[in-house]
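Naming: A, B, ... by sequence-line order, numbering from 1 per chain. Remember, predicted model here, so these are calculated numbers, not experimental data.
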Amino acid sequence: MAVNVSIPKGTRDFSPAEMIRRKYIFQTVEDVFRLYGYLPIETPAMENLSTLTGKYGEEGDRLIFKILNSGNYLEGISNEDIQNSSTTKLAARMCEKALRYDLTVPFARYVVQNRNEITFPFKRYQIQPVWRADRPQKGRYREFYQCDVDVIGSNSLLNEVELIQIIDAVFQQLGLNITIKLNNRKILSGIAEVIGESNKIVDIVTAIDKFEKIGKEGVIKELISKEISIDAINKLIGFFDNTFSSENKFDNFKSIVQFSSEVGILGWNEIATIFGYLTNCNIKAKVEFDPTLARGLNYYTGAILEVKANDVAMGSICGGGRYDDLTGIFGLPDVSGVGVSFGADRICDVMNELKLFPENAEISTQLLFTNHGEAEMIYALKALAEIRQAGISSELYPDNAKLKKQFSYADARKIPYVASGGSTEMQENCFTLKNMQTGAMEKKSLQEIIALLKK
RNA sequence: GAGGACGUAGCUCAGCUGGUUAGAGCAUCAGAUUGUGGUUCUGAGGGUCGUGGGUUCGAGCCCCAUUUUCCUCCCCA
């Protein structure tokens, strides 16, 4: 017996029952994407390491799974190199490939590489796994699927609106209550500008992003540790106190950025426009302005959005935003894109927790033929071909096992009907059909069975 | 990268202040029932108690190390 078999930390096997559930999510997501006119692409699991590094920040680079070069990966590396170089520098020399960390950067690479074949605006979706060398915990895996929808080559805010419609449609179909949180990078820039700490924007934003989690005191503490001036901190906290005590956060926030920051007001206007369009779209989900929302600062330039499930504690299940110059890094400047990514694994976790999956989703086979021996098997085989021709999913038990065993199999597989054809039935050219739910048995011709199951 | 908890049968777990042969439920297999599952009854198989060392007359239990999984921070889907 083989012992101690296992899979790498943070990865998972999926049983048939789990796969049915996952496919249900992927199918729902994909159907909505297609409905809105997006087309699929796929990119390789691995990219050149240089394509990925530097796109996700220092922290992100550390989380990229690198692939050791084939052959002698130590070629050209001396002992001095090993002693003197940083591990990241060494890794870059020994690994020229890496597993993709997300789908957005490979997409940007794809757009640049295929720019002459692409008609802009380009609306694409991509449903593939990504890998992160993160420490696994609740809702966090080292291999997980992202379902990305992006439109690239259009500045219109209509795209943002469309993505919100897509998010709403997907989660409505899945039966999940969600809140869409909306912010704009320009508003964050505006805030930093107004308090006179523009160059510390990243520190400021990552701190206020934790507002909900660590509270006001925690944020102040973190800002102090980042050497933000007390004066600026007081101003900043003042804004947020003011905002959150207000009935209408969004209107209130306007007064803050309005007078002293051009970028800020630009961001505010963008969100106002989006809210304006949305009133015509019959959106069911709650969409709210959240000035503390930060996310992926490394490339977002405009809208930032995030989706949280209302009824369960879980990190964000969908997120995205606008990036004005993502392809610029690959030599194609001034192409604006906006997109969101659905975290299929987390959505699956949330739906499991809320028991939102349809109960009978794993029923596939409608009818099982029992096996009674050679001649009877052939009798069933003929019927089987005919019944499959009629589009009814059915199977024949492969062994002439005890009937108890064959019926147990049907039961375990949740197969709703079992047909038995023994010598009696063969003489009468029929089958004994058993309804596994009621236990009722009745002799029926093949045509009658087909008619019954076709409904 | 920092911190915390856990690991006993295929699964979920019990196992007293350290004391004889480590238990239960579920699952599996067989029988009760030779053409009928799901309910019921009877029985069986299945364990180097995560791994390595130590303390002890004696360790599933105590100590040390190591590893796994889960959780928190960081960051994110």
- prompt: What does A/C147 touch in the nucleic acid at a heavy-atom separation under 4.0 angstrom: a base, only the sugar-phosphate, or nothing?
  reply: nothing
task: May I have the distance from A/D150 (atom CG) to B/A77 (atom C1'), rounded to whole angstrom?
output: 14 Å
Pairing pattern in dot-bracket form [Watson-Crick, G-U; both distances under 3.5 Å; | = partner strand] for RNA chain B: (((((.(..((((.....[...)))).(((((.......))))).....(((((..]....)))))).)))))....
query: Roughly how far apart, to the nearest Å, are B/G50 and B/C70 at atom C1'?
result: 15 Å
task: For A/E222, enumerate each residue passing the side-chain hydrogen bond (donor to acceptor under 3.5 Å, both in side chains) test, keeping only those at least two apart in sequence or located in another chain.
output: A/K210
query: Among residues 22-35 of chain A, which residues get a heavy atom nearer than 4.0 Å to RNA chain B?
result: none
In residues 373-385 of chain A, what donor-acceptor pairs under 3.5 Å come from side-chain atoms, sequence neighbours left out?
unit_1: A/Y379; atom_1: OH; unit_2: A/C430; atom_2: N; d: 3.0
unit_1: A/Y379; atom_1: OH; unit_2: A/C430; atom_2: O; d: 2.8

message: Using the side-chain heavy atoms of A/R132, tell me which of these nucleotides is nearest: B/U36, B/A77, B/G35.
response: B/A77
field: Presence of donor-acceptor pair under 3.5 Å, side chain of A/Q437 and base of B/G37
entry: no
message: Per the salt bridge (Lys or Arg N to Asp or Glu O under 4.0 Å) rule, what does the pair list look like for residues 301-323 of chain A, sequence neighbours excluded?
response: A/E160-A/R322, A/R295-A/E306
- prompt: Is there a donor and acceptor pair, one atom on the side chain of A/T370 and one on the base of B/G35, closer than 3.5 Å?
  reply: no
- line: Counting primed atoms, P, OP1 and OP2 as sugar-phosphate and everything else as base, the B/S/- map of nucleotides 66-74 of chain B against protein heavy atoms under 4.0 Å is ---S-SBBB
message: Restricting to side-chain hydrogen bond (donor to acceptor under 3.5 Å, both in side chains), what partner residues turn up for A/S316, sequence neighbours left out?
response: none
task: Please confirm whether any donor atom in the side chain of A/D411 sits under 3.5 Å from an acceptor in the base of B/G38, or the reverse.
output: no
- prompt: Who are the side-chain hydrogen bond (donor to acceptor under 3.5 Å, both in side chains) partners of A/Y101, not counting sequence neighbours?
  reply: none
Nucleotides 30-32 of chain B: which of its N/O atoms have a protein N/O under 3.5 Å away?
unit_1: B/G31; atom_1: OP1; unit_2: A/K402; atom_2: NZ; d: 2.6
unit_1: B/G31; atom_1: OP2; unit_2: A/K402; atom_2: NZ; d: 3.1

message: Checking A/E96 now: which residues fulfil side-chain hydrogen bond (donor to acceptor under 3.5 Å, both in side chains) with it, not counting sequence neighbours?
response: none
- request: Assign A/S316 to base, sugar-phosphate, or nothing according to its heavy-atom contacts below 4.0 angstrom with the strands shown.
  value: sugar-phosphate
message: If the condition is salt bridge (charged side-chain N to carboxylate O under 4.0 Å, His left out), which residues does A/R62 pass it with, not counting sequence neighbours?
response: A/E59
message: Base, sugar-phosphate or nothing for A/T104? Non-hydrogen atoms, less than 4.0 Å.
response: nothing
message: Give the residues of residues 175-182 of chain A touching RNA chain B, defined as any heavy atom closer than 4.0 Å, sorted by residue number.
response: none
query: Is a side-chain donor-acceptor pair under 3.5 Å present for A/N48 with A/S50?
result: no
